[in-house]
Amino acid sequence: MTSTINGDEDFLMSDTTTEHGAAAGDPGADQQAERVPYRYTAQMAGEIEAFWQDRWEKEGTFEAPNPAGPMAEPEKIGDRPKLYVMDMFPYPSGAGLHVGHPLGYVATDCYARYKWMTGHNVLHTMGFDAFGLPAEQYAVQTGQHPRSTTERNIEGYRAQLRRLGLAYDRRRSIATIDPAYYRWTQWIFLQIFNSWYDQDQDKARPIGELIAEYESGRRPTPDGQAWSDLSEVERRSIIDSQRLAYMSEQPVNWSPGLGTVLSNEEVTAEGRSERGNFPVFKRNLTQWMMRMTAYAERLLDDLDLLDWPEPIKLMQRNWIGRSEGARIDFPVSTVDGEQQAITVFTTRPDTVFGATYMVLAPEHPLVDRLTRLQWPAAPDGGPLPVAWTGGQPTPAEAVAEYRRQTETKSDVERQVDLKEKTGVFVGSYATNPVNDEKIPVFVADYVLMGYGTGAIMAVPGQDQRDWDFAEQYGLPIIRTVQPPEDFDGEAYLGDGLAINSSSEKVSLDGLDVADAIRAIIAWLEANSVGQGMVTYRLRDWLFSRQRYWGEPFPIVHDEHGPIAVPESMLPVELPDVDDYSPKLYDPNDKDSQPEAPLARATDWVEVTLDLGDGPKHYQREANVMPNWAGSCWYELRYLDPTNGELFCDPEVERYWMGPEWSGDSGGVDLYVGGAEHAVLHLLYARFWHKILYDLGYVSSKEPFRRLFNQGMIQAYAFTDNRGAYVPAAEVEETDSGWEWHGQPVNRQYGRMGKSLKNVVTPDEVCAQYGADTFRLYEMSMGPLDQGRPWETRAVVGSFRFLQRVWRNIVDEVTGATTVVDTPADEETRKAVHRAIDGVRNDMEALRFNTAIAKLIELNNHLTKRDAPVPREVAEPLVQLLSPFAPHIAEELWSRLGHAETVTFSSLPEADPALLAEETVVCVVQVAGKLRDRLEVPVSISEDELRERALASPGVRRALGDRAVRTVVIRAPRLVNVVPA
RNA sequence: GCGCGAGUGGCGGAAUCGGUAGACGCGAAGGUUUUAGGUGCCUUUGCCCUUGGGCGUGGGGGUUCGAGUCCCCCCUCGCGCACCA
């Protein structure tokens, strides 16, 4: 290997220096450049960086070998352990990157580069998540096609990231918008569409196996008819209703302002869209769903296999929301005189004797059939309280009026005062199955249709919400758990013995809560009025969007429903239409209808295909997939990005992600990204991965074994006295505060944003100091998982450090290496080994900030030494520095005489013998306060240490004439003299 | 309201096991190179009295020979969840 930039033809000797010198037009700097032509300046950094970036690219330095397939290079793998390091890929917006975006990318890059030097085969690459709303909105705003804006944005991102010297395997980069990529997104969709969840085997299976079970009669049809007696349409409907991707009419989140429906995960607690903050309304619509609920238990349980931050696991656990309890049927007769049952879910079936009324959600399907035409008598035979009737002459009118009120209430309004409950009596009484008591049925919006069965038995004695309602509506309150003597609250939720809980049929009295629950479930099941069960808060994933810029579904429709497009016809390409605008409405126009933009492309939608039974006319599915689809499996495509036969070669997957290499769950070894995807991308990706696992396409149970959330880089923004933002870069600090062009301004802390006029881009920092300084600064700012403020003026510290490293190895005047081959003195050698040891430990734990501090310490030691640096010190220093500042490290490495890149050089191990000290400083305290320090041999005996401590001037002074009560000795580091 | 996390110099942060609080960097002060500014280099830099002390990790209490670290109470900030039956 040749052609590093050192030697006689060094670029600094060439004309380029004077041509683009920072010095141009600055005589002082010119003079300095003459004096120290080989000083590490921003300009030199820029040239070094460009040189090495080109060389890495030319030589394919960071290309990771696969065990099989087109990237197979088994000899390059050898016996190196593998390591798969990954970032959450970016969404390439038109605004480009600011300094906050690459924080995680730089971190994974440092980690990957460190791991190369410890002998790992590292896979590290980057792609682009480029379908979705923001890209489409940007395109609509600028009047350009989303494909052209998105592709341009991707190119901008690539250039910005390349400038940072990130060690990516460029061959593996993907963009979700490429047909060659989304072909496989569609293919995976088809696998999901063509699967069902077998509850007995607790896994997804191909739909063909379900059909075979029906055909053979092994599995009875839902209504018991023979499969052969069913029409083709009936069979299709049975099968379609069990697919993991299915169409269904149900209440969904409709956002008129966005013009699309959204998944539950995309709606905030305030009932607004996560993107754009538009109001969201519940509407009954037919949409594509994914049966994520089938995986609720496994998504929950397998969190235990993962090395993820606890808060993220907790958020997923809460989102999945497992509740153990029981279903109980309360008999009731409808207005038509039909015998029906209100099925409730409760976590406290033991309190069923305390159920004094029932509540249905306003949308509950039984409400209409239970709403009487006339008010019945009150339970005590008297007139009904006005609260029950809402002042209306009939139950029908009361319910209709109540529904009107609740429909218009937003989620925020509903939560204003949770104590204040509303509802009306429907006029029917249900029967409590354990004691045959008649209890009134209400509708009330404190019961939600989306959870459990949408109906509850209300037990005011043991539930505060029910207590509040009962108080307002004058309903009886029966305690069925004995509260402690000193209990002075309302509903009692604690443990205790059951009371008031017996009838001729069953008694729970005297049992504690856990036993009572067991006993009542046994009774419910024996009498067929209920059953122990588990409920989840998790809902199925709403998967269709009324947008243009997304993956088309590989689906066509005939008059009976959806049909899969055969694999041979993939990809179903997104047609290049002129009118891609979504149909947007007034954000509060809840009566508006979703309309897919692709439906307007009639020559694309209307299609004649031969799907095996001759050419027939079909309509293409005009909805597109949500922008999460592409990110549900990209970690797999990186592994085998050019495979045209499969989304990923199983052998390659097993190598990079398999459980034999990556622990029980398998998966990516380190995945770094923000915490905002806790119940979005990270949940969806786990769900898809588990389906692929069930179908045998991947060997790993989980996509991401270890997750790390990097903090967000924040910034100060400044406003003038009218509240307008002023450019943060022009603000100056004064004794009393901050000033912009002489006028006082206010400072606030938060995100970086164009409108806040506080954006700093990596490009600016690279121009001013170079990419190595930028990387180093970002990594030294503080712990990776914490947010921290960007401070441009502090960046210079990292630059100075690199300059000093350079000066310790290269003569600023002659450009020659000053390193000598003589052995290092003992102290320096120890300093190097301490640094190696400390940096290794810090790197393993992603503590980059303290690793860098140790490197600075070592370098400061070398600077103070004021003598040529021995090679045995310079080389490890350059290696340890190289993950953070790879360009300058390559340059120094090559100037030290190495022809090969520093990337795969072997990082030395710390010599334990050199880490051990012969003498240490012993701290001498009197009554716990530091009074003296002694330099003592490590092996000093307790007796000798005691003697020397007591004799030390500091102790004698502090002790005065007081006697010594005791001496605590922790040899050799600490002595504490305790006076009487 | 419930749950989780965090409060350390002027600022970002360090202290991995209960044992020297403030590593490392920014900023600031002084010096030096330079015609000058800037850059580079050297020194100092928690606070308060001065050769040695006193006080210091949000506040108050406790355990301990010894507490930033452990326990109890309180305050502030950040994040998550929020009628989930």
Side-chain angles (χ1 to χ4, degrees), chain A residues 22 26-29 31-32 35-36 39 41 269 309-312 314-315 318-319 321-323 325 344-348 351 359 411 414-415 417-421 444-448 450-459 462-466 468-469 535-537 675 678-679 733 776-777 780-783 785-798 800-801 803-804 807 812 838 841-842 845 847 849-857 860 863-864 921-933 954 957-958 965-970 973-979:
Chain A
D26 182 343
Q31 283 168 15
Q32 179 172 295
R35 271 199 320 282
V36 282
R39 174 163 293 170
T41 59
E310 274 309 318
I312 301 288
L314 189 66
M315 281 161 73
N318 289 341
W319 188 258
R322 184 181 197 273
S323 295
V344 302
F345 173 76
T346 175
T347 54
R348 292 294 301 277
T351 64
V359 182
D411 285 7
R414 281 178 63 156
Q415 289 172 23
D417 185 358
L418 297 180
K419 277 258 166 197
E420 187 74 24
K421 298 281 185 287
D445 65 358
Y446 81 91
V447 171
L448 310 172
Y451 184 76
T453 61
I456 62 158
M457 63 176 201
V459 187
Q462 275 78 227
D463 184 289
Q464 189 59 44
R465 295 156 300 182
D466 296 344
D468 295 338
F469 189 90
T535 292
Y536 298 92
R537 201 186 87 119
V679 290
E733 192 166 1
L776 198 62
Y777 174 65
S780 64
M781 287 167 82
D785 57 356
Q786 274 172 38
R788 72 295 297 270
W790 176 267
E791 260 207 275
T792 298
R793 70 174 183 182
V795 178
V796 69
S798 299
R800 284 178 193 149
F801 165 56
Q803 216 170 34
R804 288 171 196 157
R807 195 160 35 229
E812 288 189 326
N841 288 334
D842 286 344
R847 288 189 302 256
N849 55 326
T850 51
I852 291 167
K854 284 165 185 138
L855 290 177
I856 297 175
E857 244 175 306
N860 286 350
T863 304
K864 270 207 187 69
V921 174
C922 176
V923 175
V924 184
Q925 302 175 331
V926 175
K929 285 189 199 291
L930 177 67
R931 295 300 176 194
D932 219 329
R933 284 170 226 249
R957 203 164 36 231
R965 180 152 63 101
T966 175
V967 181
V968 179
I969 302 172
R970 295 283 177 273
R973 295 215 174 252
L974 180 127
V975 176
N976 188 9
V977 179
V978 187

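Sequence lines set the chain letters: A, B, ... in the order given, protein chains first and strands last, and positions in each chain run from 1.
Residue A:Gln803 is classed as a sugar-phosphate contact, given heavy-atom separations below 4.0 Å to backbone atoms only. Contact annotation for A:Thr453: no contact, since no heavy-atom pair falls under 4.0 Å across all strands. Contact annotation for A:Asp842: base contact, defined as any heavy-atom pair under 4.0 Å involving a base atom. Across all strands, A:Ile856 comes closer than 4.0 Å only to sugar-phosphate atoms, never to a base (heavy-atom distances). Within 4.0 Å (heavy atoms only), A:Asp466 reaches no atom of the nucleic acid at all. In this structure, A:Gly787 reaches the sugar-phosphate backbone alone: every heavy-atom distance under 4.0 Å involves primed, P, OP1 or OP2 atoms, never a base. Among the protein residues, A:Thr347 comes within range of the sugar-phosphate backbone only, with heavy atoms under 4.0 Å from sugar or phosphate atoms but none that close to a base. Among the heavy atoms of the strands lying under 4.0 Å from A:Thr850 are primed sugar atoms or P, OP1, OP2 only; no base atom is included. Residue A:Val923 is in base contact, counting any heavy-atom pair closer than 4.0 Å across all strands shown. Counting any heavy atom pair closer than 4.0 Å across all strands shown, A:Ala853 reaches a base atom. Counting any heavy atom pair closer than 4.0 Å across all strands shown, A:Arg973 reaches no nucleic acid atom. No contact: A:Arg322 has no heavy atom under 4.0 Å from any strand. Residue contacts shown for A:Asn849 are limited to sugar-phosphate atoms, with no base heavy atom under 4.0 Å away. If you check every strand for non-hydrogen atoms under 4.0 Å, A:Lys854 touches a base.
Across B:C83, B:G19, B:G80, the shortest atom-to-atom separation from the side chain of A:Arg970 is found for B:G19. The side chain of A:Asn860 has B:G25 as its nearest neighbour among B:A23, B:G25, B:A85.
For A:Lys421 against B:C83, a side-chain-to-base donor-acceptor contact under 3.5 Å is present.
Using a 4.0 Å cut-off, no side-chain N or O of A:Arg39 falls inside it from OP1 or OP2 of B:G40. Phosphate contact (OP1/OP2 of B:G25, side-chain N/O of A:Ser798, threshold under 4.0 Å): absent. For A:Lys929 and B:C55, the shortest distance from a side-chain N or O to OP1 or OP2 is below 4.0 Å. Between B:G54 and A:Arg931, a contact under 4.0 Å exists linking OP1 or OP2 to a side-chain N or O.
Positionally, the nearest nucleotide of RNA chain B for A:Arg847 lies more toward the 5' end than for the other of A:Ile852 and A:Arg847. Both A:Val795 and A:Pro789 sit near RNA chain B, but only A:Pro789 has its closest nucleotide nearer the 5' end.
If you take OG1 on A:Thr850 and CD on A:Glu857, they are separated by 10.5 Å, rounding to the nearest 0.5 Å.
In this entry the distance linking CG of A:Asn318 with P of B:G1 reads 19 Å, nearest Å.
The two residues A:Cys922 and A:Val975 come nearest to each other via the heavy atoms SG-CG2, 3.9 Å.
Ring geometry, A:Tyr777 versus A:Trp790: the interplanar angle exceeds 60°, so the pair is classed perpendicular (tilted spans 30 to 60°).
The partner of B:G5 is B:C77, by the rule that a Watson-Crick or G-U pair needs both atom distances under 3.5 Å.
Taking atom P on both B:A15 and B:G22, the two are 13 Å apart, rounded to the nearest angstrom.
Counting heavy-atom neighbours within 6.0 Å of A:Arg973 CZ, excluding the residue itself, gives a total of 12 or less.
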